[in-house]
Chemist: 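The structure under discussion is supplied below as C-alpha cells; questions concerning it will follow.
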Amino acid sequence: MKLKLEENWTTSNNNQPLFDSEVERYISVVPSERQIKHAEHPFYCFVHFGMNTATGREWGNGAETLRDFNIEKIKPAQWVKAVKSAGAEGLILTCKHHDGFCLWNTGTTDFNVMKTLLLTDIVDEVSKECKAQGIKFGVYLSPWDMHERTYATPAYNDFFCRQLTELLTNYGEIFEVWFDGAKGAEAKEFEYDWERYYRIVRTCQPDANIAICGPDIRWVGNEAGKSRKSEYSVVPEYLTKAETIQKHSQQTADGAALLQKISSSDEDLGSRTALCANANLVWYPAEVDVSIRKGWFFPGGNKVKSVKKLFKIYLDSVGNNSFLLLNVPPTPKGVIHRKDRARLKKLGKRIQSITEQPILKQKFGELKDTDGYIEFKFDSPKKLKYCILRENITFSQRIEAFDLYILKPNGKYKKAYSGTVVGMRKIIPLKGLGIGALLIIRQSRSTPVIEEIGFYT
C-alpha cells in the first residue's frame, strides 16, 4: 500500500494555503471560556415533563386547565440517577413548554404547578437533586406560549423576561439555557426580544451557554441523532440569528417526524468554500438533540431505541465534534420508565468501555514542520477498538483532512479511517490486531495543535 507520506500538511496541504490572510481569519475564531468548559462535558440529557405528560400529547392546544395536570407525585432523585447511569453529566428540564404551564413557583402566572394537587416546585426539586448527585442543571423555556393572554403584544416580552429571571436567579448554577424556536403555524406573528433575553442570561448566569435560538450552541438541524460528515465549529455568523433557527424549527405538533430527515442542502457549513463568502465568522458548535423514544413527552411511542442505536448516536455526536442532548421523558407516575432506565444503564457501560483499557495516550501541542505524520508503536500486538483524537480548541479548529493507518502484525499498514474534522473530539471505531499506527494529517488551517491522541482496546 502506498502511504503517500510526502503528501501532508507540511508539503502540499491538499493544494490549499497553509498560511495566508484567509487562514488567519479562520483560526482567529476561538471558543469563549464558557464554550471551552462546555466542551469538557459533551453529553447531557433532556427531561420533557409537564402538562403534556398528563394529557398524553406532544404539544398542548392552548385549552388546558390546571385540572388537566393530575400528576400527584414525582421522583427527581430517580430521574437524575437514571441520567447519570448513562454517563451524562447534565440535565435540562422543560420548565415551560408551548402550553405555557410552568413547573416552578412563579409569580408571573397562576398557570403553574403550585396550583395543582402536586403542589411541588419541580424546578427546585430537580435542580437540588442534580446538585446532590453531582451533575449540571439547565433550563428549557419556550418563548412561544399558547396560554398567556399577553402573547404577541409588547407586554409579553416583559412577562417572558420575568419568567427567565426567576429561573436564572432562584435555582442555583445553570449550565445551559435552551430557547426553542418551534412555533405553531397558527400562532400570531410576534418578534421576540432576543437581545434582551440574552442580556438577562449573561447578567444572571454568565457561565451558562445559550443554545438553539442563541449565540453559543447551534441546533444540528434534525432530531434524528445525526451530525454532518464534517461538523465544523467555525461557521458563518448568520447561523446565530434566532429568526433563521425559527424558520427551520418545528411548526406543527406532528412536525417532529419531518425533523428526522436530513437535508443534504445544508451539509457544508464550515469548509473554506463556505467561509470565504462570509465576512463574519463565529465559534458555534453543534448540539444533537434526540429522544430515546419517537416523541419527546411520554409515552412518545412504545418503542425505546436500542442500546446499539443509542451508542451509534453517541459516536455520531460526541464522537464527531458535537454535543449530545438525549431526551428521557418521565411517565405520568413521575418516574423514568424501567425500559428507558435499562437502556440508559447499558448505554453508560458502553460509553465507559471506550476508554476503560488504554493502549497508548499521548499529549502533543503545536506540531512541528517535521510532523507531517505521527507514528505510534505498541509494546505488543493489541486488539484495537477505538482511537480518540482531540484538538486544542483554544487555538480554533484546524485539521481539515487526515488518514489513520494501523500497522498489522505482519508489518504492513492498513488504512483504518479517512476523516476531515477533529475539533473537540473524534472517536474512531477500529477492528483487528495492531502493533502500531500512523496518523497522516493531509490538510490543516495553519499548524495543527493537538491536545491528545489515544488508542484503546
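FYI, the numbering just counts along the sequence from 1.
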Chemist: Can you list every pair that meets side chain to side chain donor-acceptor pair (under 3.5 Å) and has a residue in residues 6-19, with sequence neighbours left out?
Modeler: N8-T10, N14-Q443
Chemist: Going by distance alone, is a donor N or O of one side chain under 3.5 Å from an acceptor N or O of the other, for Y417 and K426?
Modeler: yes
Chemist: Quick one: side chain to side chain donor-acceptor pair (under 3.5 Å) partners of N321, sequence neighbours excluded?
Modeler: S233
Chemist: Between S142 and H98, do the side chains contain an N or O donor and an N or O acceptor separated by less than 3.5 Å?
Modeler: yes
Chemist: Taking it one step at a time, do Y44 and E176 satisfy side-chain hydrogen bond (donor to acceptor under 3.5 Å, both in side chains)?
Modeler: CA-CA 10 Å; Y44 35 99; E176 182 171 314; 3.1 Å; yes
Chemist: Hey, are R398 and E391 close enough for a salt bridge, meaning a charged N less than 4.0 Å from a carboxylate O?
Modeler: no
Chemist: Would you say the rings of Y386 and F455 are close, in the sense that their centroids are separated by under 6.0 Å?
Modeler: no
Chemist: Would you say the side chains of Y405 and E375 form a donor-acceptor pair under 3.5 Å?
Modeler: no
Chemist: Answer yes when K128 and D124 have at least one side-chain N-carboxylate O distance shorter than 4.0 Å, and no when they do not.
Modeler: yes
Chemist: Below 4.0 angstrom, N of the basic side chain to O of the carboxylate: do R202 and D216 qualify?
Modeler: yes
Chemist: If the threshold is 4.0 Å, N to carboxylate O, is there a salt bridge linking E173 and K131?
Modeler: no
Chemist: Looking at E231 and R218, does any basic side-chain N land under 4.0 Å from a carboxylate oxygen?
Modeler: yes
Chemist: With a 4.0 Å cut-off, would you call E452 and K363 a salt bridge?
Modeler: yes
Chemist: Under the 6.0 Å and 45° cation-pi test, does R442 pair with F402?
Modeler: no
Chemist: Show me the pairs that pass side chain to side chain donor-acceptor pair (under 3.5 Å) and involve residues 75-93, at least two apart or across chains.
Modeler: H41-E89
Chemist: Determine, for D99 against K96, whether the closest basic-nitrogen to carboxylate-oxygen distance falls under 4.0 angstrom.
Modeler: no
